[in-house]
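What follows is one structure encoded as structure tokens, with my remarks underneath.
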Amino acid sequence: MRVRLEHVLRGIVIAALAVMLWQSLREQTDSNGRSVRARGVGIGVLARWSSASKAPAAIHLQLDSVPAPVERAWLGALGGAGSTVTWSGDLPSVMIDAQPVASPAGGTKMLIAAPAGSSVVVSDDIGVIDTIQTRNRGASLVLNAVTGNLTARERRSVASTVQRDSVVLRKILVIGDAGWESKFVVAALEEEGWKVDAFIRVAPGVEVSQGSAVAIDTSGYSAVVALDAAASPYANRIVEFVRTGGGVVLAPAAASLNAMSVLRAGSVGRQASETRAIQAGGSVTLATLPLAPITSLTSDAVPLEKRAGAVAIAARRVGVGRAMQLGYEDTWRWRMDRGDGSARDHRIWWTRLVSSVGYAPRVQRVATTASTDEAPMIGLVAAIGPSRPVGGFADRSGTPSSRFALLFLVLALGLLGEIASRRLRGAS
């Protein structure tokens, strides 16, 4: 009796181990026209499926990371050859793009799309640059210098790209009355490296110009900054400049001109009395500058910045160019404030404005052989379709939890067999 019971228990253990081994081997090597399921994918598995005399009729992948581009293409080829390829898994969708910054200082602007609230790790070939939190399913980051490929990683989804273009910059034209605003706008742009021409009105019909007098078109200028009514004589030329691809930044006094109505993103509101009172004392920052809110936005205008619910900056397309309207007035007060970094912040702010609207034709860099994958999830869906649960065949491989339970059962049976064997031996 003891010997028979011991043999039965050991036979059960050996049989269970054999079944588990058979399932494990069958999971990724079944190529006899039946259905298979695999966790993840690799070149070796794909090669076996492709080189078999008859590929699996249906393949389902349980993915915890997005396959590489060559693996996605291979899966798509298997699908094209007759196999039904499906996948499932909780994979975040990450996309990345790198654009040159239209600024004399250069730089790269990264645009990242990822699920809202995600922590995206940004890196280049040297190492990690930053970790950013996405809001509204996206984020942007301006980098002064990068080396090689840029990558954005969110959990096990990785998108990569490389900056392929550079930009050609033209001069900036500033038009305004003689005063602190025109003086310090010109100074801020020049300090950031822009070449600036200026038309400064010192009296009715009397102007002082800086730089060479050239036609207001995209062959000579990237953008025009119109500060006040001094831009009125040039309004028609500025409108045509924007329609043909140029950019313009309109301060409130210039945006209120009837001749600029074609370029306005909205009406110029009345400056609130409390914004005047703010200047009486304390530090001057962008948040405390006088504001003439932009109201009644046109249907195609996009609000870019708000303050206390009021639109402070808005922009719109006009022809093939861009027009930006400001609600902030007297920005020179910000520069003249004695706070740390006020002058630096003022010039960075102004160069950011003209960079975002300026005409800057792109020039392709020397062709690169770097491998990129800007939208891996889109590539996966394009190759084998969207995620869906297993359908059309049974799950022969079992889930991790069921395998653990089976292994525990096998070990328990083995332990029970050993205990029973020892007791029977002691009884005999």
Side-chain angles (χ1 to χ4, degrees), residues 101 103-105 107 140 142 144 172-194 196 198 200-202 210 223-231 247-257 260 264-295 297 303-315 323-358:
V101 176
S103 167
S140 63
V142 177
N144 294 328
I172 304 298
L173 176 61
V174 178
I175 305 175
D177 287 328
W180 292 111
E181 185 71 356
S182 56
K183 173 182 178 179
F184 287 119
V185 169
V186 170
L189 295 174
E190 287 181 335
E191 289 169 4
E192 280 294 299
W194 293 96
V196 180
I200 306 299
R201 186 174 65 178
V202 296
Q210 170 181 303
V224 174
V225 178
L227 297 175
D228 46 47
V248 64
V249 179
L250 299 173
S256 62
L257 298 173
M260 296 293 187
R264 280 199 296 260
S267 302
V268 179
R270 180 176 299 178
Q271 184 186 113
S273 58
E274 56 267 23
T275 61
R276 297 180 185 275
I278 290 174
Q279 306 301 329
S283 177
V284 180
T285 65
L286 183 65
T288 61
L289 286 175
L291 178 69
I294 304 170
T295 61
L297 294 181
L304 301 179
E305 188 174 311
K306 291 185 178 182
R307 193 173 85 184
V311 177
I313 303 177
M324 178 182 291
Q325 181 177 339
L326 306 181
Y328 296 109
E329 296 183 314
D330 298 339
T331 64
W332 63 270
R333 297 178 182 272
W334 181 15
R335 180 185 176 94
M336 294 296 289
D337 184 74
R338 295 181 180 180
D340 294 339
S342 295
R344 180 202 62 218
D345 294 342
H346 176 262
R347 64 175 179 262
I348 291 175
W349 185 74
W350 269 107
T351 199
R352 179 171 61 85
L353 296 180
V354 298
S355 294
S356 60
V357 300

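Just so it is clear, the structure is predicted and the values come from calculations on it, not from any experiment. The residues of the chain are indexed from 1 along the displayed sequence.
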>> Tell me every residue that passes side chain to side chain contact (heavy atoms under 4.5 Å, CB included) with A105, counting only those two or more places apart in sequence or in another chain.
In response: S103
>> Evaluate W334 against W349 for side chain to side chain contact (heavy atoms under 4.5 Å, CB included), listing each step before the verdict.
In response: CA-CA 11 Å; W334 181 15; W349 185 74; 3.7 Å; yes
> side-chain hydrogen bond (donor to acceptor under 3.5 Å, both in side chains) with T351: which residues, sequence neighbours excluded?
Replying inline: W194
>> If we check side-chain contact (heavy atoms from CB on, under 4.5 Å) with V174, which of these qualifies: V224, V354, V225?
In response: V225
> Do you know the tightest heavy-atom contact between P290 and D330?
Replying inline: CG-OD2, 4.4 Å
> If every non-hydrogen atom of V186 is compared with every non-hydrogen atom of A198, which pair is closest and at what distance?
Replying inline: CG2-CB, 4.2 Å
>> Under the rule for side chain to side chain contact (heavy atoms under 4.5 Å, CB included), what residues qualify as partners of K183, not counting sequence neighbours?
In response: W180
> If you take all heavy atoms of A251 and L227, which pair is closest and at what distance?
Replying inline: CB-O, 3.4 Å
> What are the two closest heavy atoms between P252 and Y328, and how far apart are they?
Replying inline: CD-O, 3.3 Å
> Please, which pairs that meet salt bridge (Lys or Arg N to Asp or Glu O under 4.0 Å) have at least one residue in residues 341-352, sequence neighbours excluded?
Replying inline: E191-R347, E192-R347
> With A255, which residues qualify under side chain to side chain contact (heavy atoms under 4.5 Å, CB included), at least two apart?
Replying inline: L250, R264, V268, Q325
> Residues in side chain to side chain contact (heavy atoms under 4.5 Å, CB included) with S267, at least two apart?
Replying inline: T295, S296
>> Among residues at least two apart in sequence or on other chains, which ones pass side-chain hydrogen bond (donor to acceptor under 3.5 Å, both in side chains) with D177?
In response: R201
>> Any side-chain to backbone donor/acceptor pair from Q210 onto V196? Under 3.5 Å, distance only.
In response: yes
> At what distance, to the nearest 0.5 angstrom, does CZ of R335 lie from CD of E181?
Replying inline: 11.0 Å
>> So, taking the atom named CD1 in I172 and the one named OG in S355, what distance separates them when rounded to the nearest 0.5 Å?
In response: 7.5 Å
> Does the pair M324 and L304 meet the rule for a side chain to side chain contact (heavy atoms under 4.5 Å, CB included), with working shown?
Replying inline: CA-CA 9 Å; M324 178 182 291; L304 301 179; 3.9 Å; yes
> So, T331 and W350: side-chain donor and acceptor under 3.5 Å apart, yes or no?
Replying inline: yes
> Measuring from L289:CG to L326:CG, what's the distance to the nearest 0.5 Å?
Replying inline: 11.0 Å
> Where do A315 and A265 come nearest, in terms of heavy atoms and distance?
Replying inline: N-CB, 4.3 Å
> Side chain of R307, backbone of L286: donor and acceptor closer than 3.5 Å?
Replying inline: yes
> How many angstroms lie between CD1 in I294 and CD1 in I313, if you round to the nearest 0.5 Å?
Replying inline: 7.5 Å
> What pair of heavy atoms forms the shortest contact from A230 to I175, and how long is it?
Replying inline: O-CG2, 3.6 Å
